[in-house]
2 protein chains.
Amino acid sequence: MTVPQLPVDEIVAAQRPYRRDAARNYDALLSAAREVFAESGAEAPLEDIARRAGVGIATLYRNFPTRRHLFESVYADEVAALCRVAEGVAALEPWEALDSWLRRFVGYSVTKRAIREAMDDESDIFQACRESMYRAGGPLFDRARQAGRIRTDIDFDDLLRMVAGITATNFLDDAQRDRVLGVALDGVRAVR
Amino acid sequence: MTVPQLPVDEIVAAQRPYRRDAARNYDALLSAAREVFAESGAEAPLEDIARRAGVGIATLYRNFPTRRHLFESVYADEVAALCRVAEGVAALEPWEALDSWLRRFVGYSVTKRAIREAMDDESDIFQACRESMYRAGGPLFDRARQAGRIRTDIDFDDLLRMVAGITATNFLDDAQRDRVLGVALDGVRAVR
DNA sequence: TTGAAAGTGGAGGTTGACCTCCGCTAGAGT
DNA sequence: ACTCTAGCGGAGGTCAACCTCCACTTTCAA
C-alpha cells in the first residue's frame, strides 16, 4: 500500500509494539476500548476493557500508562480510518465529495462523544489528528470552494466543528440526524 | 408575576423545601452544583458541591438522593431560565425572534455539556423540560414558519437538536461558535 | 415562649476503581 | 533446539468517593 503517511498513522504505528503477542494484545485492547467507551461512556472501568480484550489489567497499563493515553489512541485510530475514507470519495463531484465525507463522521461519533469531554486540544496526539483531518479533508473543501459551492465566509475548521457538534448529538433516530445535518450543510453552500 | 406556569416550573417548585433554612440550602446547593459541574464536569465529587454551598454532605443527599436527581434539578433550572427568555423576544420580527432565542442557548451550554452525557431522554423531568421548550419556543417557530422564513421539511425538534449539538461543541472562541451557528441557521431558512 | 418537628453536619464504614509487583510464559534470534 | 529477554496475568494494597447515622440546632405555630 502506498497510502500517503499522515501524522496519525505515524503515531499509531510508533505505539504498536513489535513482538507478535504484544501487538495482538495491543490491537485487542484498542478495539475493546472503542466498544466499551461507546457502551459505557468515557468513565468506564479500565478493568472492563482489559477483560473484554481477554488480557490482564497489567497489559493494559503497560501499553497505555493512563486513561488519557488509551483515549487518545482510540481516537487517533478512528481519525485515521476517517482520513482513509477521504481518498475513496475523491473521484466524486466537488460538493458531493465533501458532503459524503462529512456524513461519514456519523459512524465515528459514538466514540467521539464519549471521548470528547475528556479531550483537550493541547495534546500532541490531538494536534496530529487535527493536522491529519486538514490534510485529508482540506483538499475536498478547497475544491468545493473553487467550484463555487461553498460560501466564502466560512473556513474548514468552522465546518469540521459544526459537523462534529451535530454528529455528536443524540437524535431520535438516524433519519433525524441526517435530515438535520443536511439542513446545516445547506447553510454551508454558496448563498445566492 | 403572571408568567404562564410551565411544566419545569412546577417541578422545580415542588422540589424546593418549605422551611426557610432548608430552602436557602436548597438554592445554595443548586447554584453550587451548576458552577462545579461547569468547572469540573459531570463526575465532580458531590462533596465539592456541598462544600461550595457551605452545607454538609448529608444535606445534599437529603435534597437530592442521587447524583442524577441533582443533575436533573440543575438542568431543569436552566431550562426554566431559557424559557423565560422566550417571552422577552416575542416582540421581535418572526425570524429575528426565533434566531435570537436560539442564540441564547450558548449561554447555557457549559452546564448542558457536562450534564448531557449522563442524561437519558426517558426521565420524567427530562420530558417536562422538553415539553417546556416546546411551549416556549414552539410558537416562535410556528410564527417564523407562517411568515415563510423556515423551510418546510424541518420541524422544531430537528431545530432544537441541531442548535443543541452546535452550542455544546468546543470552539476556538465565541466568534467562531456564532459564525457556525449562523451558517447552520441559514440552512434552516426557507430555500429559494 | 416554648416544645415538637423538621432540618443539619460531618465522622467514619463501605465500596470499587486504580495500579504495582513479581513469579511465570512465549516469542525472536542464533 | 535453546536461550534469553520482552511481555504476561492477576492478587492485593491504596485511595478517594459515596452515603448513613445520630446527636445537635433551627424553625414555626400555638
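Just so we're on the same page: letters track the sequence lines, and every chain starts at 1.
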Side chains of B/Arg52 and B/Ile49: does their closest heavy-atom pair fall under 4.5 Å?
-> no

Partner set under ring pair (Phe, Tyr, Trp, His ring centres under 6.0 Å) for A/Phe64, not counting sequence neighbours | A/Tyr26

Do B/Arg177 side-chain atoms and B/Thr169 backbone N/O form a donor-acceptor pair below 3.5 Å?
-> yes

Sorted by first residue and then second, give each ring-ring contact (aromatic ring centres under 6.0 Å, His included) pair with at least one member in residues 167-186 of chain A; sequence neighbours left out.
-> none

5'-most contact on DNA chain C (nearest-nucleotide basis), B/Val55 vs A/Ala44, goes to B/Val55

Expressed in angstrom and rounded to an integer, what is the separation of B/Asn63 atom CG from C/dG9 atom P?
-> 10 Å

Quickly work out the B/Arg67 CZ to D/dA17 C1' distance and round it to whole Å.
-> 9 Å

Which residues pass the salt bridge (charged side-chain N to carboxylate O under 4.0 Å, His left out) test with A/Asp153, sequence neighbours left out?
-> A/Arg151

Could you give the CG-to-C1' distance, from A/Leu60 to C/dA17, as a whole number of Å?
-> 13 Å

With side chains defined as the heavy atoms from C-beta onward, is the minimum distance between A/Gln176 and B/Asp157 less than 4.5 Å?
-> yes

How long is the line joining CG of A/Leu29 and C1' of D/dC8, in whole Å?
-> 12 Å

Which nucleotide, C/dA17, C/dC19, D/dG7, lies nearest any side-chain atom of A/Pro17?
-> D/dG7

Taken to the nearest whole Å, CG/B/Leu70 to P/D/dC19 is 12 Å

Taking only Lys NZ, Arg NE, NH1 and NH2, and the carboxylate oxygens of Asp or Glu, determine whether B/Arg51 and B/Glu47 approach each other closer than 4.0 Å.
-> no

pair A/Met162-A/Val188: side-chain heavy atoms closer than 4.5 Å | yes

Among B/Asp27, B/Asn63, B/Leu30, whose side-chain contact (heavy atoms from CB on, under 4.5 Å) with B/Arg16 holds?
-> B/Asp27

Starting at atom CD1 of B/Ile57, determine the distance to atom P of C/dG13, rounded to an integer number of angstrom.
-> 18 Å

Assess whether side chain to side chain contact (heavy atoms under 4.5 Å, CB included) is satisfied between A/Val36 and A/Leu46, documenting all intermediate values.
-> CA-CA 9 Å; A/Val36 172; A/Leu46 297 183; over 6 Å; no

Hey, does B/Val183 have a side-chain heavy atom less than 4.5 Å from the side chain of A/Asp158?
-> no

Overall bend of the helix from C/dT1-D/dA30 to C/dT30-D/dA1 (five pairs an end, 10° steps) is 30°

Expected list for residues 46-54 of chain A near DNA chain D, using heavy atoms below 4.0 Å, is A/Gly54

N/O (side chain, A/Asn25) to phosphate O (OP1/OP2, D/dC8) under 4.0 Å = yes

Scan nucleotides 21-30 of chain D nucleotide by nucleotide, 5' to 3', and note B when protein non-hydrogen atoms come under 4.0 Å of the base, S if they reach only the sugar-phosphate, - if neither.
-> B----BSSS-

